[in-house]
Chemist: 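The structure under discussion is supplied below as structure tokens; questions concerning it will follow.
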Amino acid sequence: MKRLLTAGSVCVLALTLRIGARRIPGFADAYAQRTNAFWVNTLGRLFDLVPFSAVELLIVLILAGVLSFLVHLAVRAIRKTEGTGAFLRKGLGRAALLASVIFLLFEAGEDVYFYCTPFSARCGFGAGSYSTEELLLVCTELAGTCNALAPSVSRDERGLMLPEADLRGRIAREMEALGEEYPMLAGWCPRPKGVALSFVMSYTDLAGIYSAYTREANYNRDMAPYNFAFTMSHELSHVKGVLPENEANFTAFLNCMKSADADIRYSGALLGWIYCGNELYKRDYDAWYELAVGLDPAVSGDLAWNMAFWQRHKGKVQEASNQFNDSYLKAHGQTEGRESYDRVVDLIVSSREAWEQDS
């Protein structure tokens with residue numbers, strides 16, 4: 001009973017955060033301003049000491065604990081062991097307490113941030129209509145940057161871009177430097193972590209994942225390496241409180257494009273080309289085709305390998321994962337669901353002067 005009462009109290013606190021973020025104007029901004037640095041500098045620094053993805057291990061341990069409980073319960077029931085009822089009540093009490101803590105940490109570290117003033121708005125970047133000519137200019141610039149950087153980055157025996165050592169540390173430092181320009185991102189950053197069970201992420205169509213419970217930025221280490229820097233930056237933007245996916249993509253793009261590091265800039269320019277190029281493809285196929293065939297063969301090789309990689313992992317699991325992600329985003333005010341990732345094009349075009357000056 002005591003565990004259930006504690007769990008109930010924790011849930012009330014979590015619901016207070018949830019309702020406040022949705023119903024009280026300015027609540028989410030005030031909360032983020034006052035608490036985000038605390039979470040990053042406590043949970044973030046603590047789990048940064050762990051050399052692997054802590055949340056991955058926690059998920060495995062929780063699943064193992066649930067399975068162990070169910071097996072023990074079944075054995076007790078079959079054997080008609082005395083005290084089975086008490087064992088069940090104790091287990092359910094612990095489960096309720098754990099679930100309430102997970103709920104609170106989710107609200108405190110993720111849900112509330114969806115309702116903050118967007119990062120782009122705070123920085124004065126608009127998102128709205130833009131002409132095909134403006135889009136073409138941006139695509140031309142990004143394709144040119146990719147071509148210019150393609151010979152500068154290291155490549156493996158397959159010809160794929162292969163980042164130099166300590167990319168995780170370099171990305172964290174770049175995000176800290178970006179925070180000096182944009183106060184919302186200010187402060188220390190943890191190093192992103194590759195997920196050991198990345199094949200699971202591949203089958204669920206995930207390049208990266210942010211953990212509100214450990215303040216970790218996790219990435220799929222099996223995907224095409226040119227994705228690494230952009231994905232790490234995207235997940236670190238979540239750590240910094242930028243939750244909407246288009247905004248996180250935009251933050252990642254800025255972080256990469258403002259870097260003097262060839263590995264990082266190449267990743268940002270190539271992902272930017274993909275997003276903006278897809279929109280140009282819809283608007284003016286001939287213009288897109290002319291740029292696409294003009295890409296350096298090494299760039300085209302990176303793109304081809306990436307496309308083949310995700311194609312190999314397509315299936316029912318990926319479809320279910322995408323549907324869940326779409327519903328999750330819509331439930332948190334992202335009305336376009338998974339398509340919200342693509343809305344980064346609006347922000348890239350509108351902020352051209354901000355990242356172009358560093359090109």
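What you see below is based on every heavy atom in this structure, not just the backbone, and it leaves out hydrogens, waters and symmetry mates.
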Chemist: Linking I/L/V/M/F/W/Y whenever any side-chain heavy atoms sit under 4.5 Å apart, do Met307 and Leu271 land together?
Modeler: no

Chemist: Would you check if the side chain of Ser321 reaches a backbone N or O of Val317 as a donor-acceptor pair within less than 3.5 Å?
Modeler: no

Chemist: Give me each pair satisfying side chain to side chain donor-acceptor pair (under 3.5 Å) with a member in residues 86-102, each pair once, sequence neighbours excluded.
Modeler: none

Chemist: Between Phe250 and Phe125, is the ring centroid distance below 6.0 Å?
Modeler: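 So the answer is yes for these two rings.
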
Chemist: Is it true that Leu280 and Tyr289 fall in one hydrophobic cluster, defined by side-chain heavy atoms closer than 4.5 Å?
Modeler: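 Yes, one cluster joins them.
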
Chemist: Indicate, with yes or no, if Leu13 and Phe38 share a hydrophobic cluster defined by side-chain heavy-atom contacts under 4.5 Å among Ile, Leu, Val, Met, Phe, Trp and Tyr.
Modeler: yes

Chemist: Could you work out, with ring pair (Phe, Tyr, Trp, His ring centres under 6.0 Å) as the rule, every residue matching Tyr182, not counting sequence neighbours?
Modeler: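 With neighbours one apart ignored, the set is Phe119.
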
Chemist: Side-chain contact test, heavy atoms from C-beta onward, threshold under 4.5 Å: evaluate it for Phe103 versus Arg18 and give yes or no.
Modeler: yes

Chemist: Output yes when a side-chain donor or acceptor of Ser211 lies under 3.5 Å from a complementary backbone atom of Thr214, and no otherwise.
Modeler: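 Confirmed, Ser211 side chain pairs with Thr214 backbone.
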
Chemist: Between Asp302 and Arg155, does a side-chain contact (heavy atoms from CB on, under 4.5 Å) hold up when you go through it step by step?
Modeler: CA-CA 10 Å; Asp302 279 330; Arg155 296 188 176 275; 3.0 Å; yes

Chemist: In residues 66-77, what donor-acceptor pairs under 3.5 Å come from side-chain atoms, sequence neighbours left out?
Modeler:
from	atom 1	to	atom 2	distance (Å)
His72	ND1	Ser68	O	2.8

Chemist: Does some side-chain heavy atom of Asn249 sit less than 4.5 Å from a side-chain heavy atom of Ile348?
Modeler: no

Chemist: For Arg23, look at atom CZ and say whether over 12 heavy atoms of other residues, nucleotides or ligands are found less than 6.0 Å away.
Modeler: no

Chemist: Return the minimal non-hydrogen interatomic distance between Leu4 and Gly93, and the atom names on each side.
Modeler: CD2-CA, 4.4 Å

Chemist: Going hydrophobic residue to hydrophobic residue with side-chain gaps under 4.5 angstrom, can you get from Val12 over to Leu97?
Modeler: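 No, no single cluster joins them.
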
Chemist: Tell me whether the rings of His313 and Tyr203 are parallel (<30°), tilted (30 to 60°) or perpendicular (>60°).
Modeler: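 Ring orientation of His313 relative to Tyr203: perpendicular.
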
Chemist: Could you state the interatomic distance from CG (Leu46) to CD (Glu216), rounded to the nearest 0.5 Å?
Modeler: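 With rounding to 0.5 Å, CG (Leu46) is 9.5 Å from CD (Glu216).
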
Chemist: For the hydrophobic clusters of this structure (ILVMFWY residues joined by side-chain heavy atoms under 4.5 Å, transitively), does one cluster hold both Ile19 and Phe106?
Modeler: no

Chemist: For Asn227, enumerate each residue passing the side-chain hydrogen bond (donor to acceptor under 3.5 Å, both in side chains) test, keeping only those at least two apart in sequence or located in another chain.
Modeler: Asn306

Chemist: Find out whether Tyr31 and Ile24 are in side-chain contact, i.e. whether some heavy atom of one side chain is under 4.5 Å from a heavy atom of the other.
Modeler: no

Chemist: Run Val349 and Val345 through side-chain contact (heavy atoms from CB on, under 4.5 Å) and show every step you take.
Modeler: CA-CA 6 Å; Val349 174; Val345 178; 4.2 Å; yes

Chemist: Taking the side chain from Tyr266 and the backbone from Pro163, do they hold a donor-acceptor pair closer than 3.5 Å?
Modeler: no

Chemist: So Asn255 and Phe230, do their side chains get closer than 4.5 Å, heavy atoms only?
Modeler: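 When only atoms from C-beta onward are counted, Asn255 and Phe230 do not touch, as no gap falls below 4.5 Å.
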
Chemist: With sequence neighbours excluded, tell me which residues meet salt bridge (charged side-chain N to carboxylate O under 4.0 Å, His left out) with Arg312.
Modeler: none

Chemist: Between Asn41 (side chain only) and Trp188 (backbone N and O only), is there a donor and an acceptor less than 3.5 Å apart?
Modeler: no

Chemist: Ignoring hydrogens and angles, tell me if any N or O in the side chain of Thr204 forms a donor-acceptor pair with the backbone of Met201 under 3.5 Å.
Modeler: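 Judged by distance alone, yes, a pair lies under 3.5 Å.
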
Chemist: Got a donor-acceptor contact below 3.5 angstrom from the Arg265 side chain to the Met257 backbone?
Modeler: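 Yes: the side chain of Arg265 pairs with the backbone of Met257.
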
Chemist: Less than 4.0 Å between a side-chain N and a carboxylate O, is that true for Asp166 and Arg191?
Modeler: no

Chemist: For Leu167 and Ala229, which heavy atoms make the closest approach, and how far apart are they?
Modeler: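 It is CD2-N, 4.1 Å.
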
Chemist: Any sub-3.5 Å donor-acceptor pair from Ser267's side-chain atoms to Ile264's backbone N or O?
Modeler: no

Chemist: Would you say the side-chain atoms of Ser198 pair up with the backbone N or O of Arg221, donor to acceptor, closer than 3.5 Å?
Modeler: yes

Chemist: Side-chain donor-acceptor pairs under 3.5 Å in residues 49-65, sequence neighbours left out?
Modeler:
from	atom 1	to	atom 2	distance (Å)
Ser53	OG	Glu56	N	3.3
Ser53	OG	Asn218	OD1	2.7
Glu56	OE1	Ala196	N	3.0
Glu56	OE2	Ala196	N	3.3
Glu56	OE2	Leu197	N	2.7

Chemist: Testing Glu174, Glu176, Arg173 one by one against Cys189 for a side chain to side chain contact (heavy atoms under 4.5 Å, CB included), which residue passes?
Modeler: Glu176

Chemist: Within this structure, what is the CE-CZ distance for the pair Met232 and Arg168, rounded to the nearest 0.5 Å?
Modeler: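 Result: 7.0 Å between the selected atoms.
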
Chemist: Report yes or no: do Asn36 and Arg215 form a side-chain donor-acceptor pair below 3.5 Å?
Modeler: yes

Chemist: Any Lys/Arg nitrogen of Arg122 or Asp29 sitting under 4.0 Å from an Asp/Glu carboxylate oxygen of the other?
Modeler: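 Yes, this pair counts.
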
Chemist: Kindly indicate, with the supporting measurements, whether the criterion side-chain hydrogen bond (donor to acceptor under 3.5 Å, both in side chains) is fulfilled by Ser202 and Asn220.
Modeler: CA-CA 7 Å; Ser202 299; Asn220 182 338; 3.1 Å; yes

Chemist: So how far is it from Met161 CE to Cys146 SG, rounded to the nearest 0.5 Å?
Modeler: 10.5 Å

Chemist: Can you confirm whether Glu110 sits close enough to Tyr210 that some side-chain heavy atom of one is under 4.5 Å from a side-chain heavy atom of the other?
Modeler: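 Sidechains of Tyr210 and Glu110: in contact.
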
Chemist: Take a 6.0 Å sphere around CD of Glu134 and say whether it holds more than 12 heavy atoms from other residues, nucleotides or ligands.
Modeler: yes

Chemist: Test side-chain contact (heavy atoms from CB on, under 4.5 Å) on Phe253 and His234; report intermediate values, then the result.
Modeler: CA-CA 8 Å; Phe253 178 77; His234 177 106; over 6 Å; no

Chemist: May I ask you to say whether Glu181 pairs ionically with Lys258, meaning some side-chain N is under 4.0 Å from a carboxylate O?
Modeler: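 Counted as a salt bridge, because a side-chain N and a carboxylate O are separated by less than 4.0 Å.
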
Chemist: Measure the shortest side-chain to side-chain distance between Arg352 and Glu141 over non-hydrogen atoms and say whether it is less than 4.5 angstrom.
Modeler: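 Yes, their side chains come closer than 4.5 Å.
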
Chemist: Could you tell me how the ring of Tyr285 sits relative to the ring of Trp288: parallel (under 30°), tilted (30 to 60°) or perpendicular (over 60°)?
Modeler: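 It falls in the tilted class, 30° to 60°.
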
Chemist: To the nearest 0.5 Å, what is the distance between CZ (Phe228) and CD1 (Ile171)?
Modeler: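 Here the rounded value is 11.5 Å.
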
Chemist: Are any non-hydrogen side-chain atoms of Leu270 and Leu149 less than 4.5 angstrom apart?
Modeler: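 No, every pair of side-chain atoms sits at 4.5 Å or beyond.
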
Chemist: Any side-chain donor paired with an acceptor under 3.5 Å for Ser237 and Glu247?
Modeler: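 Per modelled atom types, Ser237 and Glu247 side chains form no pair under 3.5 Å.
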
Chemist: Is a side-chain donor or acceptor of Asn278 paired with a backbone partner of Ile274 at a separation under 3.5 angstrom?
Modeler: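 Pair found, side chain donor or acceptor close to backbone of Ile274.
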
Chemist: Measure across Pro192 and Leu236 and return the closest heavy-atom pair with its distance rounded to 0.1 Å.
Modeler: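 So the two residues come closest at CG-CD1, 3.9 Å.
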
Chemist: What distance do Leu347 atom CG and Ser120 atom OG have between them, rounded to the nearest 0.5 Å?
Modeler: 4.5 Å

Chemist: Evaluate whether atom OH of Tyr281 has more than 12 neighbouring non-hydrogen atoms of other residues, nucleotides or ligands under 6.0 angstrom away.
Modeler: no

Chemist: Kindly compute the distance separating OH (Tyr275) from CG (Asn246), expressed to the nearest 0.5 Å.
Modeler: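 So the OH of Tyr275 and the CG of Asn246 are separated by 10.0 Å.
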
Chemist: Go through the steps to decide whether Leu206 and Val200 satisfy the test side-chain contact (heavy atoms from CB on, under 4.5 Å), and finish with yes or no.
Modeler: CA-CA 9 Å; Leu206 290 173; Val200 176; over 6 Å; no

Chemist: Any non-hydrogen side-chain atom of Leu43 less than 4.5 Å from a side-chain atom of Tyr213?
Modeler: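 Leu43 vs Tyr213: side chains apart.
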
